[in-house]
Amino acid sequence: MIPLEEVFHLDKNWSDHKIRGLPPMQNFDALRRNFLRATGFGVAGAALPAVSFAAAAKENPAAAAAAGIFDVRRFGATGDGKTVDTPAVNRAMEAAAAAGGGLVLFPAGTYLCFSIRLKSNVHLHLEQGAAILAADSPKPGEATGYNGGTYDAAEPNTAWDAYQDYGHNHWHNSLLWGEDIHDISITGPGLIYGKGLSFGAGPGRPPVAGQEGTGPAPSGAGASGAANAPPPMRFARGDYTMFQAEQAGVGNKAIALKNCRNVVFRDFSVLKGGHFGFLLTGVDNLTLDNIKIDTDRDGIDIDCCQNVRVSNCTVNSPWDDGICPKSSYALGYARPTRNVTIANCFVTGWYQLGTVLDGTWQKFPAGQRRFGTGRIKCGTESNGGFINITVTGCVFEGCLGYALESVDGALLEDISITNTTMRDLGCGPLFMRLGARLRGPKDTTKVGAMKRILISNLACHNAPTRQGSILSGIPGFAIEDVKLSNIYVETLGGGTADDAAAQVPEIADAYPEPGRFGVIPASGFFLRHMRNLEMSHVEIANQTADARPAFYLDSVDRADFFAVTAPTNAGGAFSLHNITDLRIGWSRAAADTVIANADSKLL
């Protein structure tokens, strides 16, 4: 476990950073100006970004109250890391809400809390050195946690709970939560530390063999793999007590919002966020900027949300996804996630829990987790759809690649991904899956669609031998209108003749994960059940000779390859099976050719 005091000494600049000059909301800017005038700092003070709310409030508490500053210490919080400060913090929240809005201030200190209930028109600000510390949940067999406390009760189960995991269906059993609220924000250079939260599993469940291996374990099945088996136990992650997620009184997430609007999160860090660092469901007009997350499950889940901006974030999530747009049935109906921008983010799964935030960047020891999950993924929950999404300027290291998934009936369309660098991946850089898991109401959940997907300017170093990129629909349902350009993928190579002969299962109704397809018979791209595919200025390079062709096409209609470079040591770069309307031009991988139909052909 990373000691809390170490987290607050990340580098020499950490302790110097005070409030940034960028307000999360217009009313926050006005509040700040009024407060500075009231406390005597005046116009000159308003121009100084280093002014501390806490220092000014301490000098003139009456002016702070008049300006809408609600210091949690004035409401009885101690910040000593031992006293449960939840009642005081919630009193401050309620006072701010009753006043029509304001800023709830956390000065430097460690505020040990159970559930904090967020309110409309209330801004939380974490000063430098301030931490909200999740108190220990009840242990298995116990009714209460630290000093007799518990987290708020999870909502009653609904008829649609079966369509997504437990964590997706409940919000109230979180460290900070809000439902049906608006105009809220959390900012500041402080920390939210989910030490006492469950990451979604705990003792009393059967272990899954290989859970701590080189990739994520199968989802939704126990040790036997049966669909009705109990959920798997996930082994301890770091030196933390494990709590049972579904147990009454247990906290399950760091921040959870449902059906909210006008939300800003900026500048703080999350350590060990539980099942989700952020679970944001049905949240519109949402901004996350400059957030650092070092966690034991998902980083940021954006579920059924619209008009979303995620920028300048760092996410280390070795055991699950980093930034994850979803479109579940958790609201009781299918709602698309749409109009989303993800920009300038770093995702990884390579580093031990806490070591990104403390600046030591310690990789897992040999034999534990050579790479983690960590990636940016649309899915797996995919009922409503993913529409109008752009990802740009992101960096991947020691994790899985991009995943675009529609397996529960979603319409996934109008996706643009640009300017990505990747190193040391655990699978190919791209995974697209149109499938038929169909976890949703049986009478309305049908196979969805994937179309109009553009990916460009991607550089990948050290992709694995076992699997390249997989883009696969299912029989009768093709992925359509995909354009890939300016892509360079360097793989480890080393594929064998047996690998080249591998038969890839359809597994149309299975959980979509690259590892489930086994070894693929291509060193670069496995392309199946697609229509209207264009690849231009794409290069596949193998560090060692690979007996597989770079491209394996199966049931693809109308494919154009232009200026493609790939090894031909396998006797050809293209393995063609049930192909119609293929064109290759100006390429080093094969001679210019136009083919109307081809089956079992190597070019």
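Using a 4.5 Å heavy-atom threshold, the side chains of Pro107 and Asp71 count as touching. Leu176 is listed as a side-chain neighbour of Leu124, based on a closest heavy-atom distance under 4.5 Å. A 4.5 Å side-chain heavy-atom check between Asp161 and His170 finds at least one atom pair inside the cut-off. Leu257 is listed as a side-chain neighbour of Leu118, based on a closest heavy-atom distance under 4.5 Å. In this structure, the side chains of Ile192 and Phe265 stay at 4.5 Å or more apart for every pair of heavy atoms. Annotation: side chain of Phe268 is not in contact with side chain of Leu191 (no heavy-atom distance under 4.5 Å). Pro138 places none of its side-chain heavy atoms less than 4.5 Å from the side chain of Gln244. Counting only heavy atoms from C-beta outward, the side chains of Tyr146 and Lys82 approach each other to under 4.5 Å.
Remark: the backbone N or O of Glu397 is paired with a side-chain donor or acceptor of Thr348 at under 3.5 angstrom. In this structure a side-chain-to-backbone donor-acceptor pair under 3.5 Å is missing from Asp85 to Tyr111. Here the side chain of Lys119 pairs no donor or acceptor atom with the backbone of Ala95 at under 3.5 angstrom. Listed for the Thr337 side chain is a donor-acceptor partner under 3.5 Å among the backbone atoms of Lys326. Here the side chain of Glu127 pairs no donor or acceptor atom with the backbone of Leu105 at under 3.5 angstrom. Looking only at distances, a side-chain donor or acceptor of Ser382 sits under 3.5 Å from a matching main-chain atom of Thr380. In this structure, the side chain of Ser406 does not engage the main chain of Leu411 through any donor-acceptor pair within 3.5 Å. Within the 3.5 Å criterion, the main-chain N or O of Arg309 finds no donor-acceptor partner in the side chain of Thr341. Side-chain N or O atoms of Ser137 include one that pairs as donor or acceptor with a backbone N or O of Gly251 at under 3.5 Å.
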I would like to know whether Asn169 and Glu155 meet side chain to side chain contact (heavy atoms under 4.5 Å, CB included); could you show each step before the answer? CA-CA 8 Å; Asn169 291 310; Glu155 300 89 324; over 6 Å; no

Quick one, Leu353 with Tyr240, criterion side chain to side chain contact (heavy atoms under 4.5 Å, CB included). Give me CA distance, side-chain angles, the key distance, then yes/no. CA-CA 11 Å; Leu353 180 60; Tyr240 290 98; 3.6 Å; yes

Derivation of the side chain to side chain contact (heavy atoms under 4.5 Å, CB included) call for Leu404 and Phe386: CA-CA 9 Å; Leu404 303 177; Phe386 304 98; over 6 Å; no

Stepwise side-chain hydrogen bond (donor to acceptor under 3.5 Å, both in side chains) test for Tyr163 and Thr445: CA-CA 11 Å; Tyr163 304 143; Thr445 305; over 6 Å; no

When you look at Asp136 and Phe243, which way does the side chain to side chain contact (heavy atoms under 4.5 Å, CB included) test go after all the steps? CA-CA 9 Å; Asp136 278 2; Phe243 303 103; 4.0 Å; yes

Using salt bridge (charged side-chain N to carboxylate O under 4.0 Å, His left out), reason through Asp165 and Arg439 one step at a time and then give a plain yes or no. CA-CA 11 Å; Asp165 297 339; Arg439 194 163 70 166; 3.7 Å; yes

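Classified by interplanar angle (parallel below 30°, tilted 30° to 60°, perpendicular above 60°), the ring pair Tyr151/Phe114 is perpendicular.
Residues passing the salt bridge (Lys or Arg N to Asp or Glu O under 4.0 Å) test with Asp152, sequence neighbours excluded: Arg117. Listed by chain and number, the residues in a ring-ring contact (aromatic ring centres under 6.0 Å, His included) with Phe346 amount to none (sequence neighbours excluded).
The two residues Ser115 and Ser174 make their nearest non-hydrogen contact at OG-O, 2.8 Å. Between Leu412 and Cys378, the shortest heavy-atom contact is CD1-CB, 4.4 Å. Nearest heavy atoms, Ser327 versus Gly385: OG-N, 2.8 Å. Nearest heavy atom pair, residue Phe396 against residue Leu400, reads CD2-O, 3.3 Å. Looking at every heavy atom in both residues, Gly440 comes nearest to Asn383 through CA-ND2, 3.9 Å. Taking each heavy atom of Cys305 and Val283 in turn, the nearest pair found is CB-O, 3.0 Å.
Rounded to the nearest 0.5 angstrom, Ile300 CD1 and Asp321 CG are separated by 12.0 Å. If you take NZ on Lys253 and CD1 on Ile255, they are separated by 12.5 Å, rounding to the nearest 0.5 Å. Distance CG/Asp294 to OG/Ser317: 9.5 Å, rounded to 0.5 Å. Here the CD1-CD1 distance, from Ile389 to Ile342, works out to 7.0 Å after rounding to the nearest 0.5 Å. To the nearest 0.5 Å, the span separating CG on Leu126 from CG on Asp267 amounts to 10.5 Å. Here Asp408 contributes atom CG and Glu381 contributes atom CD; the two are 7.0 Å apart, rounded to the nearest 0.5 Å.
Applying the side-chain hydrogen bond (donor to acceptor under 3.5 Å, both in side chains) test to every pair with at least one member in residues 275-287, sequence neighbours left out, gives these pairs: Trp171-Thr281, Asn262-Asn285, His275-Arg297, Asp284-Arg335, Asn285-Asn307.
Between Asn290 and Asn312, the side chains place no donor N or O within less than 3.5 Å of an acceptor N or O (distance only, hydrogens not considered). Side-chain contact annotation: Ser311 with Asn344, donor-acceptor N/O pair under 3.5 Å absent. The closest side-chain donor-acceptor pair between Asp414 and Asn388, if any, does not fall under 3.5 angstrom.
Taking the six-membered ring where the residue is Trp, the centroids of His168 and Tyr329 are separated by 6.0 Å or more.
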